[in-house]
There are 2 protein chains.
Amino acid sequence: MPRPRGFDEDTVLDAATDLFWRRGYAATSVRDLGAAMRLSAPSLYNAFGDKQGLFARCLDRYLDGTMRARIRRLESGKPPRRAIEAFLGEIVAASLEDPRGCLLVNVAQELGPHDAAIASLVAARTAELEGFFLRALRAGQAEGRIDAGLPAEDMARLLTTTVFGLRVLARSRPDRALLHGAARQAIAMLIPPAKEPAP
Amino acid sequence: MPRPRGFDEDTVLDAATDLFWRRGYAATSVRDLGAAMRLSAPSLYNAFGDKQGLFARCLDRYLDGTMRARIRRLESGKPPRRAIEAFLGEIVAASLEDPRGCLLVNVAQELGPHDAAIASLVAARTAELEGFFLRALRAGQAEGRIDAGLPAEDMARLLTTTVFGLRVLARSRPDRALLHGAARQAIAMLIPPAKEPAP
DNA sequence: CAAGTTATGTAGCGGACGGTATAGAACCAT
DNA sequence: ATGGTTCTATACCGTCCGCTACATAACTTG
């Protein structure tokens, strides 16, 4: 019967995720990770393999716990346009409050050009986000609450791109007027002209 | 009379800029820089002070040579709406072709949270970009070629945020449909409804 | 008790990091 | 020729990097 672990895995993964999120992958050392996680190097390597393996665990865990959860919650709890508005509102609020930004976006920028697995993951998650917007846009257009004058695909793409931009600005220029204004305009473009007849 | 330098400054700065642009600051070592610049370490330090000093030189030079030049060119050569359309078109084309993305955006993400000077620089350059959009939007609204139904400020903010997003996607998800679609929608929102009376 | 399995702590590995010391080189002026 | 100034090359510094060796610890089973 092996010796039991002396740490709680969720707790140490939270600590590691936070460091990677703040500093990026290259600028986060294994010693700093160990200190934050309160683990010696052999314990850390024993439990997670190596720096890269730990990073992958942190990233997977982060991704399952943030964007997907938000999409699920909003998609199931609100009408289409409200879901988009709430999504953007939450992203702006988070971006103003948390200078870490979004780990996916951070990783996309840092590792995307050099790491095929990361680029692949970014593609998949980007598609999920776009998919959420597209579903909501189509449903909203069908019920006449979202402007049907332009393709929902392009709207979804602009919203997706906007979210990426907001998340970079979170780290470097979290200006209330800028972020709120961008979201306000993005939402405004959804509104059908007053002349749009109900379907 | 001192010994003349054995290198061309522009050439070595180009080489260094390229490395920082591709890899980011933390993941670029002084040895790699030296190799790319074909300078020994003492020569590099003698000429540029230290890694940080070299980085600052590269960044200043990049910033003067890219966004400002583009804004100047488009602003003086095209009508307002055309200038915005061309700007976005060029950003999309560059983003599809060059996986380095944009050094300002890369730096914003990597160093923005930890380096007040960088955050300050990002703020200033973001304001310049926003200023370009705002001038063009106002002029376009005044001549009736851009929708005056929403505040030009919010439009400028969304366009600015979109550019940041496009530049992150350049590194991680340079998908033609996504980037072109986002730009197409951003441009479409500028168009006044057919009912908008000319001023 | 011993055996087996995995976890943890101290100490250390080889190599990479940003940067420096020092000697000699390249140039002009006297 | 010497003197003065800055530039460059080789070698090196102290420290940090990701990771490992090895002894001991913690647990269950027989």
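We name chains A, B, ... by the order of the sequence lines, and we start the count at 1 in each one. Only this structure's heavy atoms are used, side chains among them; waters, hydrogens and symmetry mates stay out.
A salt bridge links B/Arg73 with B/Glu90: the distance from a Lys NZ or Arg NE/NH1/NH2 to an Asp or Glu carboxylate oxygen falls below 4.0 Å. Salt bridge status for A/Arg125 with A/Asp64: present, with a side-chain N to carboxylate O gap under 4.0 Å. Salt bridge annotation for B/Glu9-B/Arg57: present, with a cationic side-chain nitrogen under 4.0 angstrom from a carboxylate oxygen.
We find that CG of B/Leu44 is positioned 17 Å from P of C/dA21, with the value rounded to whole Å. Following rounding to the nearest Å, B/Phe55 (CZ) and C/dG18 (P) show an atom-to-atom distance of 13 Å.
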Exercise for review: Apply the test side chain to side chain contact (heavy atoms under 4.5 Å, CB included) to residues B/Leu103 and B/Arg61: give CA-CA distance (whole Å), side-chain angles for both, the deciding distance (0.1 Å), then the verdict.
Suggested key: CA-CA 11 Å; B/Leu103 186 58; B/Arg61 199 158 156 280; over 6 Å; no
Practice item. Decide side chain to side chain contact (heavy atoms under 4.5 Å, CB included) for B/Arg100 and B/Arg167; before the verdict, give the C-alpha distance in whole Å, the side-chain angles of both, and the deciding distance to 0.1 Å. Key: CA-CA 9 Å; B/Arg100 293 177 301 181; B/Arg167 299 314 256 160; over 6 Å; no
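Note: B/Asp175 CG to B/His180 NE2 = 10.0 Å, rounded to the nearest 0.5 Å.
Note: B/Phe20 and B/Tyr62 fail the aromatic proximity criterion, with ring centroids not under 6.0 Å apart.
Between B/Glu128 and the options B/Arg135, B/Arg72, B/Arg68, a salt bridge (Lys or Arg N to Asp or Glu O under 4.0 Å) holds for only B/Arg68.
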Study note, to complete from the structure: A correct 5'-to-3' footprint of nucleotides 13-18 of chain D, with B, S and - meaning base, sugar-phosphate only and no protein heavy atom under 4.0 Å, is ----BB
Study note, to complete from the structure: Counting primed atoms, P, OP1 and OP2 as sugar-phosphate and everything else as base, the B/S/- map of nucleotides 2-10 of chain D against protein heavy atoms under 4.0 Å is --BBBBSBB
